[in-house]
There are 2 protein chains.
Amino acid sequence: MSDSCSKKSLTQLIDRCRAGGMRRTQALESVLTLLLDSDRPMTAGEIAEAPALKGHCDPATVYRLLVRLEEHGILRRLGLRDRAAYYTIRHAHTHDDYIVCTKCGSIEELEMECPVEALEAEIARKSGFTQLDHELEFFGVCPECAASASE
Amino acid sequence: MSDSCSKKSLTQLIDRCRAGGMRRTQALESVLTLLLDSDRPMTAGEIAEAPALKGHCDPATVYRLLVRLEEHGILRRLGLRDRAAYYTIRHAHTHDDYIVCTKCGSIEELEMECPVEALEAEIARKSGFTQLDHELEFFGVCPECAASASE
DNA sequence: GTAATTGCAAATCATTTGCTTCGTA
DNA sequence: TACGAAGCAAATGATTTGCAATTAC
């Protein structure tokens, strides 16, 4: 599953976890590998149920791990209008925005630079808030669902 | 609580509900009045627990009503990184974006025109998605929390 | 009168927490 | 060996659902 690129990233991520005081455990490696190989955010439940994790480590462990990884800045947590929390690897200087199909739930990463990034400084000034961060998601009907609806 | 302006809006909203086939019930009026008078999105739980509703109608009724009102386009549902769903009245041609304090949870409406609105057409073209809509939220530390943290 | 709503209780879903045992550093 | 993690079970919080009793139109 993991190509050499994600293996390298995995090592780097684990180093960052270790630097933050976390221990190198099987669950940690599995969760990070899974998310590195996923091209979209996954819910905590999906992660815990994934073949690579299911049966090997307890759901509670996965949930605890995800929380800790987010606190350490390794993961980003998203809302996506779902009851469940979504997680994805947090990348260095950028972050991705997503478009979600309201019919089938498919999630696609948007191939564009985030149009809001540039506004953060201004928002911070106007609002007085610090340590700004943001979340932007688009929702709509994907081409496949639009096609099947009109059949 | 309701000034004449929100009374007028209430009538208009109820008319839209009626037009959509909903019946004019006590719960409907109470929920709409509450949200019209609120200057920020509220969680379903907050709405059900509000003095105007608590004891007068069942939480299950409130939850069902909120879902139906969203389906009818009367309310907008937001995620806000919370486990709970937030609801707010959906206004005609614009929508608001919010900034949320990650320490105390306070929510403020942003006084600016949404910078993403203009991009929807382009996103729609690039992605092939239709009926686009979006959600944009900023998160950070509000001035009050920043002050109390440095004390 | 009748179909849409409500109330109440029970069920579900997505976590979260307590506590004992295990395993990495 | 010691303290951070994992396992397992029970507890929570936020809805959701089934169904009989109401009520708006």
Side-chain angles (χ1 to χ4, degrees), chain A residues 10-11 13-34 41-50 52-72 74-75 77-88 105, chain B residues 10-11 13-34 41-50 52-72 74-75 77-88 105:
Chain A
L10 177 62
T11 305
L13 286 177
I14 291 179
D15 285 348
R16 286 173 55 197
C17 292
R18 301 279 341 275
M22 295 177 73
R23 290 182 175 181
R24 174 177 203 133
T25 63
Q26 181 58 55
L28 176 67
E29 283 198 36
S30 302
V31 166
L32 291 178
T33 301
L34 184 63
M42 297 176 75
T43 67
E46 284 175 330
I47 296 169
E49 294 292 308
L53 280 274
K54 177 124 191 183
H56 301 293
C57 59
D58 196 85
T61 299
V62 176
Y63 280 99
R64 270 190 281 236
L65 203 44
L66 291 171
V67 169
R68 244 176 303 147
L69 286 167
E70 203 224 332
E71 288 167 354
H72 285 257
I74 310 290
L75 299 185
R77 192 180 66 178
L78 299 136
L80 301 188
R81 270 189 198 172
D82 213 332
R83 197 155 30 145
Y86 284 76
Y87 289 90
T88 189
Chain B
L10 177 63
T11 305
L13 286 177
I14 292 179
D15 285 347
R16 286 173 56 197
C17 292
R18 301 283 337 278
M22 295 178 72
R23 291 182 174 180
R24 174 180 203 132
T25 63
Q26 181 57 56
L28 176 66
E29 284 198 34
S30 301
V31 166
L32 291 178
T33 301
L34 184 63
M42 297 175 75
T43 67
E46 284 176 329
I47 296 169
E49 293 292 308
L53 280 276
K54 177 125 192 184
H56 301 294
C57 59
D58 196 85
T61 300
V62 175
Y63 280 99
R64 271 188 284 232
L65 204 43
L66 291 171
V67 169
R68 245 176 304 148
L69 285 168
E70 203 223 333
E71 287 167 356
H72 284 258
I74 309 290
L75 299 185
R77 191 179 67 178
L78 298 138
L80 300 188
R81 270 190 197 172
D82 214 330
R83 197 155 30 145
Y86 284 75
Y87 290 91
T88 189

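Source: prediction; values computed, not measured. Order of the sequence lines fixes the chain letters, A, B, ..., with proteins taken first and strands second; residue numbering starts at 1 for each chain.
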Undergrad: Can you measure A:Tyr63 atom OH to D:dG13 atom C1' for me and round it to whole angstrom units?
TA: 14 Å
Undergrad: In whole Å, what is the span from the CG atom of A:Leu66 to the P atom of C:dA14?
TA: 14 Å
Undergrad: So, OP1 or OP2 of C:dA25: does either fall under 4.0 Å of a side-chain N or O from A:Arg18?
TA: yes
Undergrad: Does B:Gly21 or B:Arg83 map to a spot on DNA chain C nearer the 5' end, using the closest nucleotide for each?
TA: B:Gly21
Undergrad: Can you tell me if the side-chain N/O atoms of B:Thr61 get under 4.0 Å from OP1 or OP2 in C:dT5?
TA: no
Undergrad: If the cut-off is 4.0 Å, is A:Arg68 near the phosphate of D:dA6, judged by side-chain N/O to OP1 or OP2?
TA: yes
Undergrad: Mind checking the CG-CD1 spacing from B:Leu66 to B:Ile47? Nearest 0.5 Å is all I need.
TA: 4.5 Å
Undergrad: If you assign each of B:Arg23 and B:Tyr87 to its closest nucleotide in DNA chain D, which residue comes earlier from the 5' end?
TA: B:Tyr87
Undergrad: In whole angstroms, how far is the C1' atom of D:dA20 from the CG atom of B:Asp58?
TA: 14 Å
Undergrad: Look at the side chain of B:Arg24 against the base of D:dC25 and say whether a donor-acceptor pair falls under 3.5 Å; ignore hydrogens and angles.
TA: no
Undergrad: Checking B:Arg77 side chain against A:Arg81 main chain: does a donor-acceptor pair fall under 3.5 Å?
TA: yes
Undergrad: Rounded to whole angstrom units, what separation is found between the CE atom of A:Met22 and the C1' atom of D:dA6?
TA: 13 Å
Undergrad: Are any of B:Thr25's side-chain N or O atoms less than 4.0 Å away from OP1 or OP2 of D:dT23?
TA: no
Undergrad: For B:Leu69 and C:dA4, what is the distance between atoms CG and P respectively, to the nearest whole Å?
TA: 17 Å
Undergrad: Between B:Cys57 and B:Leu65, is there a side-chain heavy-atom distance shorter than 4.5 Å?
TA: no
Undergrad: Can you tell me how far P of C:dT5 sits from CD of B:Glu29, to the nearest Å?
TA: 14 Å
Undergrad: What is the distance, rounded to the nearest whole Å, between atom CG of A:Asp82 and atom P of D:dA14?
TA: 17 Å
Undergrad: Return whichever of B:Ala84 or B:Gln26 has its heavy-atom-nearest nucleotide of DNA chain D closer to the 5' end.
TA: B:Ala84
Undergrad: How long is the span from the CZ atom in B:Arg16 to the CG atom in B:Leu69, to the nearest 0.5 Å?
TA: 10.0 Å
Undergrad: Heavy-atom distance under 4.5 Å between the side chains of B:Gln26 and B:His56, does that happen here?
TA: no
Undergrad: Expressed as a whole number of angstroms, how long is the span from A:His72:NE2 to D:dG4:P?
TA: 12 Å
Undergrad: May I ask you to evaluate whether B:Arg64 reaches the phosphate of C:dG7, defined as a side-chain N or O under 4.0 Å from OP1 or OP2?
TA: no
